[in-house]
Amino acid sequence: MSRPDVLLVSPMMPAPLQALQQRCQVHDLRAAADAEALLAEVGPRVRGVAGFGGVSAGLIGRLPALEIIANIGVGYDGVDVAAAAARNVVVTNTPDVLTDEVADLTLGLLIATVRRIPQADRFLREGKWLQGAFPLSASLRGKTVGILGLGRIGEAIAARCEAFGLTIEWHSRRQRPDIAWRWRESPVALAQACDILIVVAPGGEGTRNLVNADVLSALGPQGVLINVARGSVVDEPALVGALRDGTIAAAGLDVFADEPRVPDALVAMDNVVLLPHVGSASVDTRNAMSQLVVDNLFSWFDGAGPLTPVPETPWRRA
């Protein structure tokens with residue numbers, strides 16, 4: 001039996017990649033000396049694509065035998081799901097396996113931002129402690145946290161915040177009767193009600209600039225914004241202005257509008273903590289994510305269907 005052809009569009013952890021290579025013909029698009037030549041040669045027989053996004057309608061159109069796109073990551077805004085659905089191509093993602101890692105990182109980013117841990121580290125390293133004490137920081141005590149986007153990761157973050165003694169409120173597109181935390185009817189209403197706004201909403205055109213100047217103004221001059229979702233969800237120029245003029249107090253950001261490029265204005269600010277999109281970036285979690293991608297591909301090629309199809313995909317379980 002011939003091995004299925006799979007196009008790899010981004011790096012994958014070594015052990016899951018080795019398992020994939022043992023069963024499939026894997027073609028690494030990024031490593032190809034001539035990507036166009038590779039697509040011309042193998043594109044007509046590629047049945048699966050794997051990687052962190054990077055799957056446009058144009059690429060899908062170059063792969064007439066394509067059956068499945070296995071996305072590495074719970075967010076899949078880097079995959080043109082509409083183009084895939086139009087071709088009856090299944091799209092999968094990697095939910096659950098990264099939930100705890102991202103939630104843990106979010107709490108670390110929150111504490112680092114409010115208690116100014118990176119700034120205190122620099123203060124010591126620059127010898128300034130010899131001249132006097134580091135300025136007092138804000139506190140988490142008595143604060144309300146607003147979760148914007150209460151999916152799996154949002155719930156895990158909220159549970160951790162609650163364990164820290166924080167009050168939780170939230171907003172998503174739909175209310176959920178199974179959630180006891182207070183729901184607010186809009187992002188602005190949530191921002192008005194909370195001290196810290198944590199953005200966990202999915203990316204894509206439906207949420208672009210969801211956190212805009214009005215939301216930031218509602219958060220207020222003592223407010224803190226944490227974004228671990230997608231850079232597109234926050235109006236970045238509005239955020240820069242809000243941080244610069246004191247509309248909000250501080251921000252902790254793991255994602256940006258044009259990664260890996262980060263605005264110089266943000267880099268220069270002392271009231272922000274900036275991370276290079278590392279929410280799920282641990283060895284253990286990236287291995288689990290890559291393995292779930294491989295498991296989805298193997299399940300599909302075995303005729304058992306996808307394990308974790310996204311809601312927009314044409315696949316429906318019987």
Side-chain angles (χ1 to χ4, degrees), residues 3-13 16-17 19-20 23-24 26-27 29 45-103 149-156 172-174 176 178 200-207 229-230 232-233 279-280 285-318:
R3 296 193 294 166
D5 286 82
V6 172
L7 186 68
L8 187 64
V9 296
S10 69
M12 183 181 286
M13 295 297 285
L17 176 58
L20 185 64
R23 178 161 175 191
C24 301
V26 179
H27 310 281
L29 187 62
R45 61 178 190 268
V46 165
R47 294 175 60 194
V49 171
F52 288 95
V55 186
S56 65
L59 178 59
I60 293 170
R62 301 282 297 273
L63 310 174
L66 184 62
E67 301 168 14
I68 182 171
I69 300 166
N71 182 70
I72 305 175
V74 66
Y76 49 93
D77 46 304
V79 176
D80 193 323
V81 291
R87 282 268 311 278
N88 290 318
V89 173
V90 165
V91 178
T92 66
N93 65 344
T94 59
D96 298 320
V97 294
L98 52 72
T99 297
D100 286 331
E101 202 73 79
V102 176
L150 199 74
R152 293 179 178 89
I153 296 173
E155 281 195 66
S172 288
R173 285 170 291 185
R174 290 176 295 275
R176 292 173 49 187
D178 60 313
V200 210
E205 287 306 313
T207 59
R230 287 289 187 267
S232 61
V233 181
S280 65
T285 295
R286 287 293 170 86
N287 269 319
M289 293 164 66
S290 292
Q291 186 59 53
L292 184 50
V293 164
V294 172
D295 292 345
N296 266 294
L297 290 168
F298 287 177
S299 181
W300 178 261
F301 295 142
D302 286 341
L307 300 176
T308 53
V310 305
E312 300 91 339
T313 201
W315 176 264
R316 295 291 182 268
R317 292 195 180 278

Supply the atom-to-atom distance [X] [atom1] to [Y] [atom2], rounded to the nearest 0.5 angstrom.
X: I60; Y: L66; atom1: CD1; atom2: CG; result: 6.5 Å
X: N296; Y: I72; atom1: CG; atom2: CD1; result: 11.0 Å
X: R3; Y: L20; atom1: CZ; atom2: CG; result: 9.5 Å
X: R87; Y: L63; atom1: CZ; atom2: CG; result: 7.0 Å
X: N71; Y: M289; atom1: CG; atom2: CE; result: 8.0 Å
X: I69; Y: Y76; atom1: CD1; atom2: OH; result: 12.5 Å

inquiry  = Using the side chain to side chain contact (heavy atoms under 4.5 Å, CB included) definition, which of the options V55, V81, I68 pairs with V91?
reply    =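 Result: among V55, V81, I68, V81 is the only option passing the side chain to side chain contact (heavy atoms under 4.5 Å, CB included) with V91.
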Say whether, by atom type as modelled, one donor and one acceptor occur between the side chain of [X] and the main chain of [Y] under 3.5 angstrom.
X: S299; Y: D295; value: no
X: R176; Y: L150; value: yes
X: D5; Y: R47; value: no
X: T207; Y: P202; value: yes

message = Taking the six-membered ring of F298 as reference, does the cationic atom of R23 (NZ for Lys, CZ for Arg) lie under 6.0 Å from its centre and within 45° of its axis?
response =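 Yes.
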[X] side chain near [Y] side chain, heavy-atom distance below 4.5 Å:
X: L7; Y: L59; answer: yes
X: T92; Y: T313; answer: no
X: V79; Y: V49; answer: no
X: W300; Y: P4; answer: no

List the atom of [X], the atom of [Y], and the distance in Å for their closest heavy-atom pair.
X: A70; Y: V293; answer: CB-CG1, 3.6 Å
X: A201; Y: V233; answer: O-CG2, 3.9 Å
X: L297; Y: A50; answer: CD1-CB, 4.2 Å
X: P95; Y: V74; answer: CA-CG2, 4.0 Å
X: G203; Y: S232; answer: CA-OG, 4.2 Å
X: G53; Y: V9; answer: O-CG2, 3.4 Å

key: Those residues that, when tested against D80, pass salt bridge (Lys or Arg N to Asp or Glu O under 4.0 Å) (two or more places apart)   =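 By the salt bridge (Lys or Arg N to Asp or Glu O under 4.0 Å) rule, D80 matches no residue at all.
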key: Listed partners of T285 passing side-chain hydrogen bond (donor to acceptor under 3.5 Å, both in side chains), at least two apart   =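 side-chain hydrogen bond (donor to acceptor under 3.5 Å, both in side chains) list for T285, sorted by chain: E101, S282.
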request  = List in chain and number order the residues that pass side-chain hydrogen bond (donor to acceptor under 3.5 Å, both in side chains) with N93, two or more places apart in sequence or in another chain; answer none if no residue qualifies.
outcome  =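 side-chain hydrogen bond (donor to acceptor under 3.5 Å, both in side chains) list for N93, sorted by chain: empty.
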Modelled atom types, side-chain donor and acceptor of N287 and Q291, under 3.5 Å =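 Distance-only check fails for N287 and Q291.
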request  = Could you go through the side chain to side chain contact (heavy atoms under 4.5 Å, CB included) check for L17 and L8 one step at a time?
outcome  = CA-CA 10 Å; L17 176 58; L8 187 64; 4.0 Å; yes
